[in-house]
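In listed order, ligands and their atoms are each counted from 1. Scope of the values below: all heavy atoms of this structure, side chains included, with no hydrogens, waters or symmetry mates.
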Amino acid sequence: MAFTINSLSGYFHEYQKSVLDPAGFWAGIAESFHWHQHWDRVVDWDFNKAYVRWFEGAKLNITENMLDRHLFAHADKPAIVWEPNDPNEDHRVLTYRQLHSAVCSFASGLRKLGVQKGDRVVIYMPMVPEAAIAMVACARLGAVHSVVFGGFSSQSLSDRINDCSARWVVTSDGAFRGSKTIPLKDWVDQALTHCPTVEKVVVFQRTKENVNMQEGRDLWWDAVVDSSVTDLPAVSVDAEDMLFILYTSGSTGKPKGVVHTCGGYMVHSAYTFQNVFQYKRDHIYWCTADVGWITGHSYIVYGPLLSGATSIMFEGVPTFPDPSRFWQVVDKHAVTHFYTAPTAIRALEAFGNEPLASTHRSTLKVLGSVGEPINEEAWHWYHDQVGCGRCPIVDTWWQTETGAIMISPLAGITPTKPAYATLPLPGVQLMIVDENGKELQGNSVQGNLCIKFPWPGMLRTTYGDHDRCIQTYFSTYKGLYFTGDGVKRDEDGYYRILGRVDDVMNISGHRMGTAEVENAINEHPKVVESAVVGFPHPIKGQGIYAFVIADLTDRTEANLKREIVHTVNNIIGPIAKPDKIQIVPGLPKTRSGKIMRRILRKIAEGETRLDALGDVTTLLDPTVVEAIIAGVEQNKAG
Ligand code: WT7
């Protein structure tokens with residue numbers, strides 16, 4: 001497409017253009033896509049009301065840009081290459097022609113089940129091509145998908161189904177993940193006992209295990225697919241119609257449904273995919289994320305398919321059957337672009353260089369990182385050992401809410417610096433502010449990261465609760481979008497993301513609100529109160545540390561801790577399981593009853609000196625802190 005930047009001066013030029021004339025800049029990019037009707041206005045906005053509109057008046061269907069348009073130029077090019085969990089099982093290739101007809105057949109089947117424009121469909125699937133087919137089929141009909149990560153528990157699933165009143169769920173009998181088989185359909189059955197809106201469940205057969213099929217409600221995928229229809233006309237929707245909802249954790253207990261719309265998200269995900277990765281026609285691109293996260297949406301499905309790329313979809317985990325699996329897959333499929341999370345890099349680095357030695361990785365050109373700050377050591381191992389020093393690293397900063405990459409080097413163009421996401425992409429106007437919202441100008445500053453002008457891929461609302469969107473993102477600093485991240489701009493104007501400054505943890509690149517984990521812990525009948533903080537973890541980036549007040553009269557401490565872990569696992573899922581639980585006699589609270597997490601964070605980091613904990617004079621009962629520290633020491637001794 002016509003918008004790929006190919007030099008550093010080109011980047012600066014485009015960046016300038018995007019700031020001086022944002023509407024002209026994005027309109028120029030949007031012109032490369034197929035629309036049914038042109039927009040009346042490029043952008044209209046008021047951050048105080050969380051009001052953002054891009055390409056208003058335009059009509060389109062995003063799937064025509066992902067599928068139909070490629071049928072002329074390269075129908076037989078692989079669109080999705082699927083690599084199964086078990087390396088002995090055959091991989092699958094879906095060309096653009098095959099993907100187009102699979103999407104049309106499934107969309108037609110969904111339509112026969114009643115799915116129409118604007119309807120919400122929940123997708124709870126393993127990493128199989130059918131997950132992507134289901135997403136794109138929804139978009140074909142103008143329906144709204146909400147993908148729920150297959151690692152979430154049945155309760156998380158039912159909460160998400162109920163929040164958007166979905167009437168359809170697409171799932172599978174089960175999932176293979178490493179050496180485990182996960183009974184997804186059982187979890188769906190449990191979830192649906194609390195979901196009165198759900199009418200039909202479509203079940204893809206993956207594990208072929210015996211599952212319960214409820215008469216009248218549950219249908220096999222193969223029975224729904226309408227193979228007589230291989231070319232279903234796409235439903236024309238407005239640029240600002242919803243494309244998908246994706247739930248994400250925040251500072252409060254309840255996940256928010258982040259809403260993305262069709263036109264802006266299309267333009268932004270494709271623009272960033274092509275520029276950041278410098279994707280060229282014959283490249284083979286692999287993003288290791290799960291489609292249950294935004295990374296999977298934007299950089300396995302939408303960005304790559306919009307760009308006519310070959311996107312690898314991997315069902316398994318980095319260490320199965322052994323820690324050379326990623327590199328085996330790179331060699332097997334001649335991968336040129338590899339995009340993963342720092343937690344995976346650190347986990348593999350821990351096995352040393354031997355797993356690398358059996359592979360050559362000579363096809364690799366670009367390495368990507370996403371999801372959390374990458375520490376310098378991991379950056380160097382990735383660069384020097386995985387990429388043999390040949391491949392630039394793109395450290396891409398963005399969020400579920402931003403829809404697409406915001407700060408990143410352009411591969412091979414922007415000079416990189418370990419652990420720096422470097423520079424904002426064109427169209428991204430950053431601002432660093434101090435606690436009072438005062439802008440910190442110039443270089444060599446550190447503060448909170450905000451964005452002052454809208455971008456096409458940004459969230460439009462939080463589903464069903466627009467006030468919450470205003471409160472969460474646009475109220476901390478007036479007139480600005482607040483990211484929740486701390487950031488440093490160094491002497492060269494390069495950005496380094498320092499991590500969350502709110503009550504959100506980043507566990508293995510997954511976002512988890514402290515309140516959400518606390519709510520789950522508090523469900524245990526013997527728990528009186530709890531406070532959760534993140535602490536530095538060598539592989540996960542952050543681990544979860546829970547301070548818990550509990551009634552121990554009829555349980556041992558060890559048993560109670562096990563039960564708490566189990567409770568959290570059942571309510572949220574394995575990713576939210578606390579790494580450390582400490583039973584405490586009290587929590588450090590201010591006189592107004594607020595828990596001072598700052599103190600708990602220090603203790604969780606290993607600080608045991610009272611005088612190093614900062615100001616404790618506002619505490620209602622300072623002796624609580626001494627007791628907690630004594631408990632840490634005891635835990636260690638024990
Ligand atoms: C949070 C967003 C969208 C990517 C997947 C995570 C952290 C993301 C980086 C990076 C440092 C990063 C931030 C952000 N984060 N990328 N390259 N360097 N931190 O999406 O679950 O919405 O989480 O992930 O803290 O706010 P998410």
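For the pair Y299 and I405, the tightest heavy-atom approach, listed with the atom from each and the gap, is OH-N, 2.9 Å.
Of the candidates H510, R500, H297, the one placing a heavy atom closest to atom 1 (C) of ligand 1 is R500. The nearest non-hydrogen atom to atom 6 (C) of ligand 1, considering only G371, S249, G499, comes from G371. Looking at D485, L498, T400, T483, it is D485 that brings a heavy atom closest to atom 14 (C) of ligand 1.
More than 12 heavy atoms of other residues, nucleotides or ligands sit less than 6.0 Å from atom CD of E605.
Those atoms of ligand 1 with a heavy atom of I294 less than 4.0 angstrom away are 3 (C). Short contacts between ligand 1 and T295, defined as distances under 4.0 Å to a heavy atom of the residue, involve ligand atoms 4 (C), 5 (C).
Taking the centre of each ring, Y265 and F244 come in below the 6.0 Å mark. The distance between the ring centers of F47 and W45 falls below 6.0 angstrom.
Geometric assessment of K417 against the ring of Y420 yields a positive cation-pi assignment under the 6.0 Å and 45° thresholds.
Scanning the protein for heavy atoms near atom 23 (O) of ligand 1, the closest one is R511 CD, 3.2 Å.
Ligand 1 lies out of reach of A421, whose nearest heavy atom is not under 4.0 Å from it.
Under 4.0 angstrom from ligand 1, the non-hydrogen atoms of E372 all belong to its backbone. Only the side chain of I497 comes within contact range of ligand 1, with a heavy atom under 4.0 Å; no backbone atom does. At a 4.0 Å heavy-atom cut-off, ligand 1 touches N506 through the side chain alone.
Taking the six-membered ring where tryptophan is involved, the planes of Y285 and H337 are tilted, since the angle between them lies from 30° to 60°. Between Y279 and F273, the ring planes lie tilted relative to each other; the angle falls in the 30° to 60° range.
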